[in-house]
Protein chains: 2
Amino acid sequence: MARPRKADSPDIPNRAVTAALSLLAERDGPDFTLAEVARAVGCSVPAFYNHFRDKNALLRAVHDAGFHRLHDDKLALAARTEGSALDRLRAGGHAYMAFALENPALYRLMFSPPPSSDLEDGPLAHDLGRRCLDLLTRAVADSQKTGALPGQDPAVVAFTLWSAVHGAASLILQDRAPEDTASRREAARIPVETLMALITASL
Amino acid sequence: MARPRKADSPDIPNRAVTAALSLLAERDGPDFTLAEVARAVGCSVPAFYNHFRDKNALLRAVHDAGFHRLHDDKLALAARTEGSALDRLRAGGHAYMAFALENPALYRLMFSPPPSSDLEDGPLAHDLGRRCLDLLTRAVADSQKTGALPGQDPAVVAFTLWSAVHGAASLILQDRAPEDTASRREAARIPVETLMALITASL
DNA sequence: CCAGATAACTGAATGGCATTAAATTAATTT
DNA sequence: AAATTAATTTAATGCCATTCAGTTATCTGG
């Protein structure tokens, strides 16, 4: 099916994803039109359909690209940071919030996954999110070795912490943080520190 | 502007909201068409525009109705439950998760608010969510009187807890809970209990 | 009860946008 | 170089929100 294209061929799929990422970054809303993507890529709209089943397929590709970025650019970096296990947990939390605030539209897309009209749904998307969660689970397990969170299942704690930072990011991006927080950056810092305080209180 | 209508008039706005709530409950996706709403209400599509500026205005009304339900049917009830402050906190958490699981499409709409093409944006929507958050803040403050969470700002803790349950609900509705949880109900129970364990550990 | 004003309603456009269809061009194979 | 296949394009098609122009119902004051 995927006949090799001419070497200097525009490589429409990658360029479409890149263009969509740019459009998401420019606008605040998650809505761009296929015509815009096609114009940015330099092809006509129907040509797009030779590379993606439909618009949702593109959105899902962008969704996956977002998780790759989150994992590689932020979380993996934070996990490699010097310091105690709890420090890495804190760094990961702040890195996560920073990613959400820097890429609001992309973040929203990553967590309002477009309906998969495709049969092979779960595998990749699931694995990508899973890899991010695994990073977190490991940090939790390491923290437990230092005495924190005694007797808890690290996977359960990791999911709860992920829920908390995701929920906070989601609410802040909707301007639903308490109105007395001066800036989004501050609103994003507070829940992470509060969670860390809860965790250290269990020592 | 709002000329009083004939007494037996169909009261299109309320019926439209009710119809939209039904459609959201039936379908899983958040997408219904104005024609469907109009048919359920028993009027033509353009008649709809005499009562709502546009479709987003209806979505915002449904959004608000969702917060009313959440507050009145669930959270206020849980806040009145017998038991210690921590028990009420736990009951509120479970009630919140139950609401999300029972009304998935409505819940998603409540937390992906449609763009407000209306100038008077924030007040009501904000106040409704705020009232829910206030309930939670009060429960946290009461819990602190019994020695939990010493030295923390109750408003900050409340927002963090809300973030956590909202994030968990959001992830579970996307089938992003760890795949080893047997059912959604169980997946919804676990994060609330984990948070309660963290809180009681601070005693 | 009636004439005029005003609001609510309806069927028929309009227009944006995703998706398809039919036809054309380019590339690859033999 | 002819034939097969893939990639692309222009021109539909269709769904749906929104708007128009005209019509009917309701209310007001005489």
Side-chain angles (χ1 to χ4, degrees), chain A residues 1-17 19-20 22-24 26-27 29-63 105 109 112-119, chain B residues 1-20 22-24 26-63 105 109 112-119:
Chain A
M1 175 191 286
R3 178 83 72 91
R5 283 180 295 282
K6 231 175 82 177
D8 63 332
S9 164
D11 186 12
I12 290 183
N14 277 322
R15 293 169 47 139
V17 171
S22 301
L23 289 170
L24 281 183
E26 287 169 19
R27 301 168 173 26
D31 293 332
F32 53 82
T33 186
L34 277 192
E36 294 174 309
V37 174
R39 190 152 35 76
V41 167
C43 72
S44 71
V45 173
F48 169 90
Y49 284 87
N50 290 322
H51 306 276
F52 294 92
R53 178 187 297 281
D54 55 16
K55 189 183 185 180
N56 282 336
L58 172 62
L59 291 179
R60 238 164 309 134
V62 175
H63 159 284
L109 172 61
S112 341
S116 64
S117 49
D118 218 337
L119 295 185
Chain B
M1 176 190 287
R3 177 82 73 90
R5 281 180 298 281
K6 231 175 83 178
D8 64 333
S9 165
D11 187 11
I12 290 184
N14 277 322
R15 293 169 49 137
V17 171
T18 305
S22 301
L23 288 170
L24 280 183
E26 289 169 18
R27 301 168 174 26
D28 208 52
D31 293 334
F32 53 82
T33 186
L34 277 192
E36 293 174 310
V37 175
R39 190 153 34 76
V41 168
C43 73
S44 72
V45 174
F48 169 90
Y49 285 87
N50 290 323
H51 306 276
F52 294 92
R53 177 185 299 281
D54 55 16
K55 189 183 186 182
N56 282 336
L58 171 62
L59 292 179
R60 238 164 308 133
V62 175
H63 159 283
L109 173 60
S112 342
S116 64
S117 50
D118 218 337
L119 295 184

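- When the side-chain nitrogen and oxygen atoms of Asn50(B) are compared with OP1 and OP2 of dC9(C), one or more of them lie within a distance under 4.0 Å.
- For the side-chain contact (heavy atoms from CB on, under 4.5 Å) criterion with Glu36(B), the lone passing option out of Val41(B), Leu23(B), Val45(B) is Leu23(B).
- With dT19(C), dC20(D), dT18(D) as the choices, the nucleotide that has an atom nearest any side-chain atom of Pro46(B) turns out to be dC20(D).
- The shortest non-hydrogen separation linking Ala47(B) to His51(B) is O-CD2, 3.4 Å.
- Looking at the side chain of Ser44(B), the nearest of the listed nucleotides dT18(D), dT19(C), dT10(C) is dT10(C).
- Atom-to-atom, CG of Leu58(B) to C1' of dC16(D) comes out at 15 Å; the value is rounded to the nearest Å.
- The residue Phe52(B) sits apart from the nucleic acid: no heavy atom pair falls under 4.0 Å.
- Atom CD in Glu36(A) sits roughly 13 Å away from atom C1' in dA18(C) (whole-Å rounding).
- Across the protein-nucleic acid pair, Leu34(B) atom CG and dT14(C) atom P stand 20 Å apart, rounded to whole Å.
- Using a 4.0 Å heavy-atom distance criterion, Phe32(A) is classed as a sugar-phosphate-only contact.
- Tyr49(A) has its OH atom 13 Å from the C1' atom of dA21(C), to the nearest Å.
- The side chain of Ile12(B) lies closest to dC9(C), out of dT19(C), dT10(C), dC9(C).
- Taking atom CZ of residue Phe48(A) and atom P of nucleotide dA18(C), one finds them 9 Å apart after rounding to whole Å.
- Leu109(B) and Leu59(B) make their closest contact through CD2-O, 3.9 Å (heavy atoms, listed as atom of the first residue, atom of the second, distance).
- Nucleotide dC16(D) holds its C1' atom 14 Å from the CG atom of Asp54(B), rounded to whole Å.
- Between Thr33(A) and the phosphate of dA18(C), there is a side-chain N or O to OP1/OP2 separation shorter than 4.0 Å.
- The phosphate of dA7(D) (OP1 or OP2) has no side-chain N or O of His51(A) nearer than 4.0 angstrom.
- Taking both residues in full, the closest heavy atoms of Asp54(B) and Tyr49(B) are given as CA-CE2, 3.9 Å, listed atom of the first, atom of the second, then distance.
- Figure legend: Lys55(B) and Phe32(B) shown as a cation-pi pair, the cationic atom lying under 6.0 angstrom from the six-membered ring centre and within 45 degrees of its axis.
- Rounding to whole angstrom units, NZ of residue Lys55(A) and P of dG16(C) are separated by 15 Å.
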